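FYI, side chains are in, hydrogens and waters are out, and symmetry mates aren't considered; it's all heavy atoms of this structure. All values derive from a computational prediction rather than experimental measurement. We're numbering straight along the sequence, starting at 1.
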Amino acid sequence: MVGEEGAFVLGWDEVLTEEELSVTLKVLCMSEEEFKEYKEQDGWEDDSEEEENSTLSNEALSRLKTPCKKLLYDSVLLTLESYGSDLKAEQDLLNNKEAYEKLSRREQQALHVRYGQKRILHQVLELVR
């Protein structure tokens with residue numbers, strides 16, 4: 001269900017790997033009975049029209065069913081815990097001109113990437129809370 005890297009791609013306005021995330025959330029939130037039926041039907045041939053009309057925009061994330069929201073919330077928390085520092089530490093470093101300038105160009109770029117990733121993850125937390 002998930003690409004080779006095993007990750008979903010989230011953007012500022014929507015999930016960029018929306019089909020993968022949508023199917024994954026549906027499957028992981030299924031009861032055992034629903035999953036058996038899903039396997040017997042070789043997937044969701046009937047749902048193609050429904051999925052074409054839905055995108056996982058930020059607004060749609062906030063309307064997910066409670067079990068899917070909780071699963072996504074917990075997954076985002078785990079992802080944030082995998083970082084060596086929190087969002088505030090990154091922001092403080094970005095705001096500290098002296099400390100920032102001591103970083104190599106590569107470290108500065110990595111800082112910007114991490115900070116952006118964490119901001120998106122925190123945004124998702126707010127949407128599914």
Side-chain angles (χ1 to χ4, degrees):
M1 288 184 284
V2 182
E4 289 178 20
E5 295 179 18
F8 301 106
V9 181
L10 307 172
W12 284 111
D13 300 318
E14 64 187 9
V15 177
L16 303 177
T17 54
E18 64 184 307
E19 183 177 345
E20 292 91 341
L21 181 59
S22 179
V23 171
T24 300
L25 288 173
K26 284 180 183 179
V27 169
L28 292 175
C29 292
M30 284 180 184
S31 67
E32 187 176 341
E33 181 70 26
E34 291 169 323
F35 185 68
K36 285 180 183 176
E37 186 178 316
Y38 172 79
K39 283 182 12 181
E40 289 172 4
Q41 293 179 4
D42 291 328
W44 313 45
E45 297 170 18
D46 304 314
D47 287 354
S48 60
E49 184 178 312
E50 177 188 318
E51 288 179 13
E52 284 177 17
N53 295 330
S54 68
T55 61
L56 281 179
S57 65
N58 287 348
E59 183 181 325
L61 287 175
S62 65
R63 292 191 316 260
L64 288 172
K65 293 179 182 175
T66 301
C68 291
K69 283 173 126 178
K70 176 156 179 35
L71 180 61
L72 191 54
Y73 186 88
D74 291 345
S75 298
V76 169
L77 282 180
L78 283 172
T79 301
L80 285 168
E81 288 173 8
S82 71
Y83 286 96
S85 61
D86 63 8
L87 181 65
K88 181 163 179 7
E90 306 289 1
Q91 191 169 20
D92 290 346
L93 186 53
L94 283 167
N95 291 334
N96 183 336
K97 187 174 181 177
E98 187 177 310
Y100 179 79
E101 288 177 354
K102 288 181 181 178
L103 298 174
S104 70
R105 181 73 182 136
R106 186 175 180 157
E107 289 170 324
Q108 290 173 356
Q109 291 171 340
L111 174 62
H112 284 281
V113 169
R114 284 192 316 271
Y115 180 70
Q117 291 170 340
K118 290 175 187 178
R119 285 191 54 212
I120 290 172
L121 291 170
H122 279 275
Q123 176 179 297
V124 172
L125 285 178
E126 289 300 315
L127 291 168
V128 298
R129 193 168 285 207

Report all side-chain donor-acceptor pairs from residues 75-84 shorter than 3.5 Å, counting only partners two or more places apart or in another chain.
from  : atom 1 : to     : atom 2 : distance (Å)
Ser75 : OG     : Leu71  : O      : 2.8
Thr79 : OG1    : Ser75  : O      : 3.0
Ser82 : OG     : Thr79  : O      : 2.5
Tyr83 : OH     : Gln117 : OE1    : 2.8

Original post:
Do the charged groups of Glu32 and Lys36 touch, with an N to O distance under 4.0 Å?
Top reply: yes

Original post:
Could you give the distance from CD (Gln91) to CG (Asn96), rounded to the nearest 0.5 Å?
Top reply: 12.5 Å

Original post:
Taking the side chain from Glu34 and the backbone from Ser31, do they hold a donor-acceptor pair closer than 3.5 Å?
Top reply: yes

Subject >> Distance, nearest 0.5 Å, that separates CD of Gln108 from CG of Leu93 >> reply: 9.0 Å

Original post:
Can you tell me how far CD of Glu18 sits from CG of Leu61, rounded to the nearest 0.5 angstrom?
Top reply: 10.0 Å

**OP:** Could you grab the distance from atom CE of Met30 to atom NZ of Lys26, nearest 0.5 Å is fine?
**Re:** 8.0 Å

Original post:
Sequence neighbours excluded, which residues qualify as salt bridge (charged side-chain N to carboxylate O under 4.0 Å, His left out) partners of Lys88?
Top reply: Asp92

Subject >> Residue pairs involving residues 57-80 (criterion ring pair (Phe, Tyr, Trp, His ring centres under 6.0 Å); sequence neighbours excluded) >> reply: none

Original post:
For atom CD of Glu59, is the number of surrounding heavy atoms from other residues, nucleotides or ligands below 6.0 Å larger than 12?
Top reply: no

Original post:
With sequence neighbours excluded, what pairs up with Tyr100 under the ring-ring contact (aromatic ring centres under 6.0 Å, His included) test?
Top reply: His112

Original post:
Which pairs count as salt bridge (charged side-chain N to carboxylate O under 4.0 Å, His left out) when at least one residue sits in residues 112-123, sequence neighbours excluded?
Top reply: Glu90-Arg114, Glu90-Lys118

List the atom pairs, with distances to 0.1 Å, where a side-chain N or O of residues 120-128 and a protein N or O form a donor-acceptor pair under 3.5 Å, not counting sequence neighbours.
from   : atom 1 : to    : atom 2 : distance (Å)
Gln123 : NE2    : Trp12 : O      : 2.7

Original post:
Is there a path of hydrophobic side-chain contacts, each under 4.5 Å between heavy atoms of I, L, V, M, F, W or Y residues, that connects Leu16 with Leu21?
Top reply: no

**OP:** Measure from the side-chain N and O atoms of Thr17 to the backbone N and O of Phe8, and report whether any donor-acceptor pair falls under 3.5 Å.
**Re:** no

Subject >> Single hit among Leu56, Leu72, Asn58 for side-chain contact (heavy atoms from CB on, under 4.5 Å) with Val15 >> reply: Leu56

